[in-house]
Novice: 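There's a structure below that I have some questions on.
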Amino acid sequence: MRTEQSSVVTSSSSSMSTPSCRSRFWSSALRSKPLAPAPDTSVRAESGDGLVRRLGLFDLILLGIGASIGAGIFVVTGTVAHDAGPGVTISFIIAGVSCVLNALCYAELASRFPAVVGGAYLYTYSAFNEITAFLVFTQLMLDYHIGAASVARSLASYVVTVLELIPFFKDNIPSWVGHGEEVLGALSINILAPIILVLLTVVLCRGVGESSILNSIMTVTKILIVLFVIIVGAFKVNVSNWTPFAPNGFKSILTGATVVFFAYVGFDAVANSAEESKRPQRDLPLGIIGSLMVCVALYIGVCLVITGMVPYQYLGEEAPLAEAFTSKGLKYVSVLISFGAVAGLTTTLLVGLYVQSRLYLGLGRDGLLPAMFAKVHPTRHTPIHSQVWVGLIASTLACLLNVHVLSHILSVGSLTGYSVVSACVVRLRWKDETSSQASTKLISSRAEGIIYLLAIACCGFTAGVLFRFGASFIFLIVAAVIGILSAAALYVRHIHPNPPGFSCPGVPVVPSISIYLNMFLFAQLHYEAWVRFVVLSIVALGIYASYGQFHADPDAADGV
C-alpha cells in the first residue's frame, strides 16, 4: 500500500514538474527592467569600483566616427563593389538613410537612459522583456565580434603592405602572416590579425581611457586622410567606369546595403558609452547624430571615387583603396592610405572592443551572464574579464575566417537590434490605457500596440522577400499599405507624449518607417545570414534557459 502511495506521489510530482518549469521560464522571460529616473552622474565618478565619466561631446563624436570610418571605407567598399558595381554608392546611401532614422531613435533613448551601459540591450529590457533583450544582445554581439575580426584581418593586411615598403621584407612575408592563406575553401589562416587583437586587448585592460587624447588624434588624422583621398582621387575618375552603374541589378544594391549597414554602427558605440559621458543627456544625442552625418558624407565620397578610378571587377577585397591608387601610379597616395589605414583601423578596433566589453559588463551586472563579466578593476576602472573574453572570441574568428565569408553574415544583429530599438521608442512613449473604457477591451492597450509593431515588421520583411524573389509589384503595394495602416493605428490608438530631453520627431511614424526599412533590408541578406540568425537564436535560448533565467535580476542597480 505504501509503495502504491509513493508511486502516486512520484507520478504526481513528475507530472507537475513540466508545467512548473514552463511557468518559471515564461515568468522570467517576460519580466522587464524598471525604468528608473536618471541618477546623479557624479555618483559613479566618485565610486572606486565603477567606470569614470571622462568623455565630452567632441570625444563622443570622434568615438562614433572612429568606430565607423575604418572597415566601411578601407575594406567593405571593395567587397560589396564586386557584386553591386558602382551602385555600391547607392548601397551606402540606403543604409545611411535607414541609420539616420535609427539614430534619431537611439538619440532619444540615450537621453532617457543616460547613466548606465547597455545600449540596445538595456532599452529592450526596459521596454519589452528579458528574453527579447537577451536575444538582441546575442545577435548584436556576434555582429560586433565578426566586425572586429574583419577589421583586424584588414589591418593585418595593411600592416604587411607597409612593411613591404622596406626592401628587406618585399615579397618575403608569407601570405599566411597578414594577407591570409586559403585552407579547405571556407577557412583562411591569418596569424597577424589575432596578434593585433591580443595587443589591443592588453592596452584596453590597462586603461584605454587614459589614451583618449591619442584616440582623438588618430581619428582626426584618419578623417583628414580620407578627405585627401577623395580630393586627389576625384582628378583620376574615369566616368566610363560608372557604366553600367548597377551591373547585377538593384537587388544586388539592396543586398550590398545590408552588408554596408554595419559600417555605420559607430553611433551605437556612442550610446554604449553613456556611463562614461560627462553630460550624457545633452551630449549623447548630439554625438550619435553628429558622428553619423559625417560618416555618411565620407562614405559617399569614397565610393564615387574608388569605383570611378578602377573598374569594379578589379577592386581588391582586403585593401581596395590602396590598390586602386597604386594602379593609377599614385604610389605616394597608396603609401599614405596604408599608413592612414593602419592608424584608422587600429582606432576602429579599439573602439569596437571597448564597446563590446561594456555590453558584457551590462549583462554581467543584471545576472544574465556570469558575475565575472560585471567585475571592474578598482584602480584601472576597466571590465578586465569582459575585455579578455571579447578579445579571445574576435581573435579566434580573425585567425580562421576571411573577410569575404565574414561579410556575408554581417548586419543581422544590427538590423534586428535597431528594429527593436525603434520599437522601444514607441513602446516607452505610449500610455498603457487611453480611455476610461480601456478595461472593456478584449486585449490590453500594451498588447494592441505590440501587435501593430509586429505587423509593421512583418510587412517590411514580407515586402523585402517579395521584392527579392521578383513577385508582382501589386503585392509590394499591399504589404506597404498594411504597414501604413498599422502605423496609423499606433498614431490614433495611443498617446505619445514627448519625454524630457531629446525626443525623436514624428513618433510613431519615424520609428515605424525605421522598422519597415530595417526588416526590408533584413530580407535581402545572404542565406548564410538567415541561417546564422536562426542558429544563434536557438543557442541563445538554450543559454538563457539553462543559466540566465535562474540568475537574472532586473532590479539590479547597475553598479550605481
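Numbering of residues begins at 1 and proceeds along the displayed sequence.
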Novice: Report the residues that fulfil ring pair (Phe, Tyr, Trp, His ring centres under 6.0 Å) with Y516, sequence neighbours left out, ordered by chain and then residue number.
Specialist: none
Novice: Atom OG of S150 and atom CG of L349: how far apart are they, to the nearest 0.5 Å?
Specialist: 9.5 Å
Novice: Calculate, to the nearest 0.5 Å, the distance between atoms OG and CZ belonging to S422 and R427 respectively.
Specialist: 15.5 Å
Novice: Angle class for the H496/W430 ring planes (parallel below 30°, perpendicular above 60°, tilted otherwise)?
Specialist: perpendicular
Novice: Could you state the interatomic distance from OG1 (T138) to CG (L368), rounded to the nearest 0.5 Å?
Specialist: 11.0 Å
Novice: Check whether NZ of the Lys or CZ of the Arg R468 lies under 6.0 Å from the centre of the six-membered ring of Y527 and within 45 degrees of that ring's axis.
Specialist: yes
Novice: Kindly write out the residues that satisfy ring pair (Phe, Tyr, Trp, His ring centres under 6.0 Å) with Y264, not counting sequence neighbours, or none if the list is empty.
Specialist: Y299
Novice: Can a side-chain donor-acceptor contact be found between S514 and N102 if the only test is distance below 3.5 angstrom?
Specialist: yes
Novice: Identify, with sequence neighbours excluded, every residue that meets ring pair (Phe, Tyr, Trp, His ring centres under 6.0 Å) alongside Y452.
Specialist: none
Novice: How about F469: does its CZ atom have over 12 heavy atoms from other parts shown lying under 6.0 Å from it?
Specialist: yes
Novice: Output, in order, the C-alpha distance, side-chain angles, deciding distance and verdict of side-chain contact (heavy atoms from CB on, under 4.5 Å) for S291 and L63.
Specialist: CA-CA 8 Å; S291 62; L63 185 72; over 6 Å; no
Novice: Under 3.5 Å, is there a donor-acceptor pair between the side chain of S111 and the main chain of F502?
Specialist: yes
Novice: By the definition side-chain contact (heavy atoms from CB on, under 4.5 Å), identify the one residue from T89, V88, I230 that meets it with L304.
Specialist: T89
Novice: Could you give me the CA-CA distance, side-chain angles and deciding distance for F522 and T258, then say whether side-chain contact (heavy atoms from CB on, under 4.5 Å) is met?
Specialist: CA-CA 7 Å; F522 186 94; T258 65; over 6 Å; no
Novice: Rounded to the nearest 0.5 Å, how far apart are CG of L517 and OG of S419?
Specialist: 9.5 Å
Novice: Could you state the interatomic distance from SG (C459) to CG (L485), rounded to the nearest 0.5 Å?
Specialist: 9.0 Å
Novice: Within the 4.5 Å heavy-atom criterion, are Y125 and V136 side-chain neighbours or not?
Specialist: no
Novice: Do S32 and E130 come within less than 4.5 Å of each other through their side chains, counting heavy atoms only?
Specialist: no
Novice: Specify the closest pair of heavy atoms between S503 and R429, including all atoms of both residues, with the distance to one decimal.
Specialist: CB-NH2, 3.5 Å
Novice: Hey, what do you get for CG (D59) to OG1 (T219), rounding to the nearest 0.5 Å?
Specialist: 10.0 Å
Novice: What about Y544 and F25, are their ring centers closer than 6.0 Å?
Specialist: yes
Novice: How close do P244 and P86 get, heavy atom to heavy atom, and via which atoms?
Specialist: O-CD, 3.5 Å
Novice: Got a list of side-chain donor-acceptor pairs under 3.5 Å for residues 532-542, not counting sequence neighbours?
Specialist:
residue : atom : partner : partner atom : Å
R532    : NH1  : D143    : OD1          : 2.5
R532    : NH1  : I409    : O            : 2.7
R532    : NH2  : Q139    : O            : 2.7
R532    : NH2  : Q139    : OE1          : 3.2
R532    : NH2  : D143    : OD1          : 3.4
S537    : OG   : Q139    : NE2          : 3.1
S537    : OG   : F533    : O            : 2.7

Novice: Is the distance between the ring centroids of F461 and F520 under 6.0 Å?
Specialist: no
Novice: Between Y121 and F134 (judged by ring centroids, cut-off 6.0 Å), do the two rings come close enough to count as a pair?
Specialist: no
Novice: Using modelled atom types and a 3.5 Å cut-off, is there a donor and acceptor pairing between side-chain atoms of S357 and backbone atoms of S386?
Specialist: no
Novice: Does the side chain of Y360 come within less than 4.5 Å of P383's, by heavy atoms?
Specialist: no
Novice: Any chance CH2 of W530 has more than 12 other-residue heavy atoms, nucleotides or ligands included, within less than 6.0 Å?
Specialist: yes
Novice: Compare every heavy atom of R446 with every heavy atom of F128, then report the nearest pair and how far apart it is.
Specialist: O-NH2, 3.6 Å
Novice: Contact between N129 and R31 at the side-chain level, heavy atoms closer than 4.5 Å - yes or no?
Specialist: no
Novice: Do L525 and L415 have side chains that get closer than 4.5 Å, going by heavy atoms?
Specialist: yes
Novice: Could you name each residue pair satisfying side-chain hydrogen bond (donor to acceptor under 3.5 Å, both in side chains) that touches residues 242-254, not counting sequence neighbours?
Specialist: W242-T307
Novice: For S154 versus L345, what's the shortest heavy-atom pair and its separation?
Specialist: OG-CD1, 3.8 Å
Novice: Please examine the side chains of L254 and I94, heavy atoms only from C-beta on, and report whether any two atoms are closer than 4.5 Å.
Specialist: yes
Novice: Grab the two heavy atoms, one from T348 and one from A67, that are nearest each other, plus how far apart they are.
Specialist: CG2-O, 3.4 Å
Novice: If you apply the rule side-chain contact (heavy atoms from CB on, under 4.5 Å), what do you find for L315 with I306, and how did you get there?
Specialist: CA-CA 8 Å; L315 287 172; I306 194 174; 3.6 Å; yes
Novice: Y418: what forms a ring pair (Phe, Tyr, Trp, His ring centres under 6.0 Å) with it, not counting sequence neighbours?
Specialist: Y106, F261, F267
Novice: I'd like to check I69 versus L298 (side-chain heavy atoms, cut-off strictly below 4.5 Å). Are they in contact?
Specialist: yes
Novice: May I ask you to say whether D366 pairs ionically with K33, meaning some side-chain N is under 4.0 Å from a carboxylate O?
Specialist: yes
Novice: Please test D553 against R365 for side-chain contact (heavy atoms from CB on, under 4.5 Å), starting from the C-alpha separation and ending with a verdict.
Specialist: CA-CA 8 Å; D553 179 15; R365 286 172 172 171; over 6 Å; no
Novice: Any donor and acceptor pair, going by atom type alone, linking the side chain of S68 with main-chain N or O of I65 inside 3.5 Å?
Specialist: no
Novice: So, does R493 use its side chain to make a donor-acceptor pair with the main chain of L490 at under 3.5 Å?
Specialist: no
Novice: To check you understand the geometry: which heavy-atom pair defines the closest contact between Q549 and S28, and what is its length?
Specialist: O-OG, 3.6 Å
Novice: When you compare the side chain of F58 with that of D283, does any pair of heavy atoms fall below 4.5 Å?
Specialist: no
